[in-house]
Amino acid sequence: MIIVYHINTKIIAVTALDNQKIEFDYQGTIASGLQKIAKQFPEKKILWCHSAVKEQLNLEAIKTLFHHDKMMLSFSSSQHHFFDSKIGYVEESLFINVNKKVSYPTWQMSSVVGVIHASVLNALSDEIFCDSNFDYYLSSIAKIGMPLGLLCYSEPGLLKSRELKNILISKASIYTLFRFVKQHYKTQWVFLLLLNLALYKRKFPILPLFFSLFYKKRKNNTINLDSIPVQSSRKVIDTSTVDVIIPTIGRSGYLYDVLKDFSQQTLLPNKIIIVEQNPEEFSKSELDYIYEEKWPFKIEHFFIHQAGACNARNLALNQTKSEWVFLADDDNRFGPNLIQEILQKIEQYGNEVVTTSYLQKNESKKNRKIIQWPTFGAGNSFVKRNLLNSVRFNMALEFGYGEDSDFGMQLRNQGHDVLYFPEPEIIHLKAPIGGFRIKPVLLWQKDYVQPKPSPTVMLYLILHNTQEQLFGYKTTLFIKYYKYQDIKNPYRYFKMFQKQWNQSMFWANQLKKAS
């Protein structure tokens, strides 16, 4: 490992892990210095550290935290974000509202302390300009690298203490913010940023927008990180045992096919937990084949009269015992190597939560790289069982939207990232619902003004997004929804939209209180 010490804009020392000094030309920017070091030591990890936190460096932990080469870690306290919360006006993703207490996925890198492998810097060196501002350079690397498979985290374990005192770190100006948006997002987002600042901050930064238009977008289509090998040093698999949970309602034929797919696995599950729902009071189970046929795994079958996937999955999670849990759906189809191949890739990447490709028939695959996933799939994910002791599907989101995304956020806020595996894939048949499924009566269903967005969507936004992200979502929803509704007078539409938004906010807060 090569350690680069700096004071804001200049490198002041370069040492090896044994404190042996390395001869180096200290002229130029920190970014250009890192790239020179990467070319000089192409097989090494490169760690950067502000001189003010030199004594706080947790070098022993770094060996464990940086467990494969296609990673980028950094950390700064909550007071030291380079981009302030206004970045939330242009990005709705979970990578903005960073939980500083745990390892958390984000492209927001910091100059305070961090580590990256030289091979990543060398792969990016021709495409990413060595900015004089080191924080901008690092965030640009992460923002461009994440869609290509670079795994980027805010990692408090890099330092012995999260409290950073007597350290002055640069903050992005409004000009820098507009420049970053122009270089890393679609051009229309600089105009939406201006609109949001005008609407919610009563600010009109016309000049920063104007100057940002002279910067070219930084593209990643010529960058290839696939040649960087990944083999995690972290041990996450011991027994390779798997329990499967499946909620089902009125799809006995589809579920039978799913069980047949499981029976042909090269690595069989230990147990499949099926929660069958039928809200009709005197109804009986349709799953006689569970008992009439012989299966090469144990099946635990629960038949209940309470409908709802959140409740069914929570009931099933309580019955799991194996090392891993596969959250499945009753209309999945997959090949015989699914479980075995997933566990092999989990071992390769050292991650404890993964979501698979989940396409419908004839749907084309857009994501072909292993990346940090911005959501979570309740019907196509593998989770290490010990992580599930304190997470459950939020019953406030029952019969709504967002329960799977919320479940994923619970895991992330405990320090467990969600990776997407494009292979092996699961096919989602999107089977028609059972004929006896009763449509639930929602609390707001009879309101004169119907909430927009759905209160369950609003609840997710309230729980997991920043205020700026919430307002940015409001603006884009207002623009997108205009062409789908009947009111074409812009002023009347605005008044109605505001009423619908307020109604959604009201019910979301009611759901939050009840949960």
Side-chain angles (χ1 to χ4, degrees), residues 93-95 97-106 153-157 234 236-238 241-247 269-275 300 302 304 306 308-329 342-343 346 349-356 358 372-421 456-465 508 511-515:
S93 82
L94 57 91
F95 306 128
N97 194 16
V98 178
N99 185 343
K100 292 287 186 172
K101 297 179 181 179
V102 298
S103 179
Y104 190 91
T106 181
Y153 299 92
S154 167
E155 179 50 75
R234 180 181 290 172
V236 294
I237 292 182
D238 183 20
T241 56
V242 178
D243 285 346
V244 182
I245 70 168
I246 308 175
N270 269 16
K271 178 171 65 174
I272 296 181
I273 303 154
I274 298 170
V275 180
E300 287 188 5
F302 296 85
I304 60 175
Q306 179 179 339
C310 291
N311 175 68
R313 289 192 173 103
N314 287 340
L315 193 161
L317 287 173
N318 293 336
Q319 311 304 316
T320 57
K321 302 292 183 185
S322 294
E323 184 181 30
W324 291 87
V325 176
F326 175 16
L327 288 83
D329 269 339
I342 288 291
L343 292 184
I346 285 173
Y349 274 80
N351 209 65
E352 295 177 323
V353 187
V354 300
T355 288
T356 72
Y358 201 42
Q372 290 162 293
W373 200 230
T375 181
F376 177 87
N380 59 312
S381 293
F382 287 73
V383 183
K384 199 163 187 181
R385 193 192 64 81
N386 64 341
L387 310 187
L388 298 169
N389 294 332
S390 56
V391 299
R392 285 297 181 269
F393 288 91
N394 189 341
M395 291 298 294
L397 301 172
E398 190 76 282
F399 304 119
Y401 301 95
E403 79 282 356
D404 45 0
S405 296
D406 175 82
F407 191 87
M409 287 306 301
Q410 292 180 51
L411 290 166
R412 291 184 189 89
N413 282 314
Q414 292 189 13
H416 309 293
D417 192 20
V418 180
L419 294 190
Y420 162 80
F421 285 177
T456 53
V457 172
M458 183 69 82
L459 177 59
Y460 175 87
L461 296 173
I462 291 172
L463 290 175
H464 302 297
N465 285 14
L511 291 172
K512 185 179 179 182
K513 290 176 185 177
S515 63

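Since the structure is predicted, the reported quantities are computational estimates derived from the model, not experimental observations. We count residues from 1, following the sequence as given.
Panel note: side chain Glu398, backbone Asn311; a donor-acceptor pair is recorded below 3.5 Å. When atom types are taken as modelled, the side chain of Asp243 and the backbone of Val325 share no donor-acceptor pair closer than 3.5 angstrom. Put simply, the side chain of Thr355 never gets that close to the backbone of Ser381: no donor and acceptor are under 3.5 Å apart. Formation of a donor-acceptor pair under 3.5 Å by the Asn314 side chain with backbone atoms of Phe393 is found in this model. A donor-acceptor contact shorter than 3.5 Å links the side chain of Asn97 to the backbone of His464. For the pair Lys271 (side chain) and Thr320 (backbone), a donor-acceptor distance under 3.5 Å is absent. Checked by atom type and distance alone, the side chain of Ser93 pairs as donor or acceptor with a backbone atom of Phe95 at under 3.5 Å.
Within a 6.0 Å sphere centred on OH of Tyr401, heavy atoms belonging to other residues, nucleotides or ligands number 12 at most.
Annotation: the span from Leu94 atom CG to Met409 atom CE amounts to 5.0 Å, rounded to 0.5 Å. Put simply, CD1 on Ile274 and CD on Glu300 are 10.5 Å apart, with the number rounded to the nearest 0.5 Å. Separation of atoms CG (Asp406) and OH (Tyr460) is listed at 7.5 Å; rounding is to 0.5 Å. Rounding to the nearest 0.5 Å gives a distance of 11.0 Å between CG of Asn465 and CE of Met458. Note that CZ of Phe407 is 11.5 Å distant from CG of Asn394, once rounded to the nearest 0.5 Å. In this structure, the separation between CG on Leu461 and OG on Ser405 is 10.0 Å, given to the nearest 0.5 Å.
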Checklist entry - Which is it for Ile246 and Asp329 under the side-chain contact (heavy atoms from CB on, under 4.5 Å) test, yes or no, and what are the steps along the way? => result CA-CA 5 Å; Ile246 308 175; Asp329 269 339; 5.9 Å; no

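Shown here for Phe382 and Ile346, the closest heavy-atom pair between the two residues is CB-CD1, 4.3 Å. Trp324 and Val236 get closest at one heavy-atom pair: CZ2-O, 3.5 Å. Here the closest heavy-atom approach between residue Arg412 and residue Thr375 is recorded as NH2-O, 2.6 Å. Closest non-hydrogen pair, Thr106 versus Ser154, comes out as CG2-N, 3.7 Å. When all heavy atoms of Ala328 and Pro247 are compared, the closest pair comes out as O-CD, 3.5 Å. The minimum heavy-atom distance between Phe376 and Gly408, with the atom names listed, is CB-CA, 3.7 Å.
Using cut-offs of 30° and 60° for the angle between ring planes, the Trp373 and Tyr420 rings count as parallel.
Within the 4.5 Å cutoff, the side chain of Ser390 has heavy atoms near those of the Gln414 side chain. In this structure, the side chains of Glu352 and Val383 stay at 4.5 Å or more apart for every pair of heavy atoms. Residues Gln319 and Phe302 meet the side-chain proximity criterion, which asks for heavy atoms closer than 4.5 Å. With a 4.5 Å cut-off on side-chain heavy atoms, Val244 and Ile273 do not count as touching. By the 4.5 Å heavy-atom criterion applied to side chains, Leu397 and Leu459 are counted as neighbours. Using a 4.5 Å heavy-atom cutoff, the side chains of Leu387 and Leu411 are in contact. The shortest distance between side-chain heavy atoms of Ile245 and Phe326 does not fall below 4.5 Å.
At a threshold of 4.0 Å, the pair Arg313-Asp404 does not count as salt-bridged, since none of the basic side-chain nitrogens sits closer than that to a carboxylate oxygen. The pair Arg385-Glu323 does not count as a salt bridge, with every side-chain nitrogen at least 4.0 angstrom from each carboxylate oxygen.
A side-chain donor-acceptor contact under 3.5 Å links Arg392 and Asn318. Between Asn99 and Asn413, the side chains place a donor N or O and an acceptor N or O closer than 3.5 Å (distance only, hydrogens not considered). Side-chain contact check for Tyr104 and Asp417: no donor-acceptor pair (N or O, by modelled atom type) lies under 3.5 Å.
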